[in-house]
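Below is one structure, written out as structure tokens, with a few remarks after it.
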Amino acid sequence: MIQSFNQNDRRVLKFPAVHPCEGISPETLLSSLITLSSSICNYQSKFFATQRRNARETIREIGILRMFFEEIQDRGLALSYSIVLCFSELHITFQKIQFLFEDCTREGARLWMLMKSEFVTTQFRVLIREVATALDVIPLNLIDVGGEVKELVELVAKQASKAKFELDPDDEQGARLVLSILNQFEKGIEPEFQAIKQVLDYLGIKRWSVCNNEVKFLEEQIGFQCSDSDEKEVPFLGSLMGFMNYCRAVAFEELDYRNANQMVNSETISCLNPEDFRCPISLELMIDPVTVSTGQTYDRCSIQKWLKAGNMLCPKTGKRLTNTELVPNISLRKLIQRFCNDKGISLAKSSSQSHDITRTIAPASPVAAEAMRFLSKFLARKLVFGTVEQKNKAAYEIRLLAKSNIFNRSCLIEACTIPSLLKLLSLNNMSTQENAISALLKLSKHNIGKTQIIENGGLRQILEVLKKGLSLEAKQTAAATLFYLSSVKEYRKLIGEAPNAIPGLVELIKEGTSCGKKNAVVAIFALLLSPKNSKRVLEAGTVPLLIDILASSDKAELVTDTLAVLASLAENAEGAVAILQTSSLPLITKTLQCSTSKAGKEYCISTLLSLCTNGGVEAVAVLARDPSLMASLYANLTDGNSHSSKKARSLMKILHNFHGTSTSELMASAVPHERSVHVW
């Protein structure tokens, strides 16, 4: 059996070649060699931004060997054990060559391959020498192929052993030019546009989306190195990323929207369940999730310790592991990073520093810092003096730059971009409004950004977008922005008093998408931290809409956030009455039983406890008649946290008292302020 690796599961310039199994049949090995050879030769039609000469020579030699393998296959020749061994070595080398070709043509890696050109050239040289070594020991006289093919193979063997795979002078010159530009940035000198264009032209970066792919690749490499606690190249990667960010905004006038719209997802406060991101072994958020042979995912550090201790059973399923291979779960890793960026959560390995968004408080390097300062001033000028199209692009660039980088946010705020972005909200252009409100959302995560938005009269304009935005995306982003503004106590009061704020959020719950509903619900939750806003939320008719979400939504996190709002409203008598009037007690208890979220369960218990305390004896009576409720509460005593368990005990005590005493005694001891509410 011959295994293969997905390109997305492999780190760049790492070549995890797999040795063919000892019992592999010669026919299978030969067929796989032909497939590998063909795959390598197919790169002839692909674009190599660097290493063009070395790639051409390698493809030529592999192409000749493919003819050799095909003739052996066509003639049905038997292969001796020694030949199979030589072919196995060639198979390993061909895998590495294919990996090298993947990296040289990898989307977004052009600049990095240029700066690594000396190392990459060495890899070409080493791998072709390995081909030559394997060919030298193949007993060609024992293989009955045509004389012309034999001569070609012998020629390849000689050429491979003597071939000079050298650094391309053009690649060397291009790398030097990049270093010169980085040096100018570090000295606080803005580089000449012609020098920047020369680098981009050499690498074939001719569109905004291609340049953006370079930024995304470099950002991904920084994340990999930080999670591996191997940060020696992070400053250089950060410098290159700063350079590419600058190029993307300055060198390209137009967004190629077909690709650009896929770059940024709809703005949501969060649509992810953090409990899905915990390692089953450590119960901590996974930093480097990997999948084992049973299909279960663990944090790499935890499962490696498990395996090192001699355990060959899957910790979660108890099934025997067929191998110890750990396959990176790239998709889950990105989801975890997105969640942590949105929440500002610090992910830290034991005995290492945090590697989430908090590491972006300071720039990755002096080059990155200066490039960002120049870029912020450039974008600020475009927002003021540019055409409508240029203003739209500038807002989109800010939206990207401020997405998950604290230093970038501070530079953009310092460059006074917020007043200009607020003015764009009133333009009758859907794309511009979406980009402007999304940029403001990102900047509102910064404390100074919140202050500038409010001091520049931004609340009125954001509320106008919430009410009359040109798209649902703009409205739900406005709701998310209100959530971040509400983190400041004075602004919670200010927003709550605005006539259109809470009604606007309630309207979004009615008409919005799942993400729009989520943003509105979470914004309301933030506003409820100010007690005076509770009455306004109730008067806006929020409770029936929240109950409808519980009854109909299949989005786990939306349900959890809805429960959080209900729990908050139930803490006062008016809120408890409003909830009980919807006859929702059975629905809440059912949610408690069905929810897989620990936070959701806790909110359910908190809501039920508050309803019993503030809602009167009828609420207690309804809950006491539900035999399944007590089992759910008992389960929470062992599975829940201490705070949740404490609430469960309090609710169990009320229910036990109801069963053991008269209604009047219960109300005298447990519910001093009796209220009569129809709850069934």
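Index from 1, following the sequence. For clarity, every value in this text was computed on a predicted model and none was experimentally measured.
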Does this structure show an ion pair linking [X] with [Y], if we count only N-O contacts that are shorter than 4.0 Å?
X      : Y      : answer
Glu511 : Lys475 : yes
Lys493 : Glu497 : yes
Arg536 : Glu574 : no
Lys598 : Glu602 : no

Hey, are [Y] and [X] close enough side-chain-wise for a donor-acceptor pair under 3.5 Å?
X      : Y      : result
Asn429 : Ser431 : no
Glu434 : Ser471 : yes
Thr513 : Gln476 : yes
Ser444 : Thr481 : no
Ser628 : Gln593 : yes

Using only atom types and a distance under 3.5 Å, with no angle test, would you say the side chain of Lys517 pairs donor to acceptor with the backbone of Ile509? yes
Heavy-atom pair of closest approach, residues Ser553 and Lys555: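 Shortest heavy-atom contact: OG-N, 3.1 Å.
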Testing the basics here: between Trp208 and Asp256, what is the closest heavy-atom pair and its distance to 0.1 Å?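 Shortest heavy-atom contact: CB-OD1, 3.4 Å.
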Ser606/Lys647 under side-chain hydrogen bond (donor to acceptor under 3.5 Å, both in side chains): CA gap, chis, key distance, verdict: CA-CA 6 Å; Ser606 179; Lys647 291 181 179 179; 3.2 Å; yes
List the steps and the verdict of side-chain hydrogen bond (donor to acceptor under 3.5 Å, both in side chains) for Ser645 and Asn636. CA-CA 6 Å; Ser645 297; Asn636 193 76; 4.5 Å; no
So for atom CG, which belongs to Leu587, do other residues, nucleotides or ligands contribute more than 12 heavy atoms lying within a distance under 6.0 Å? yes
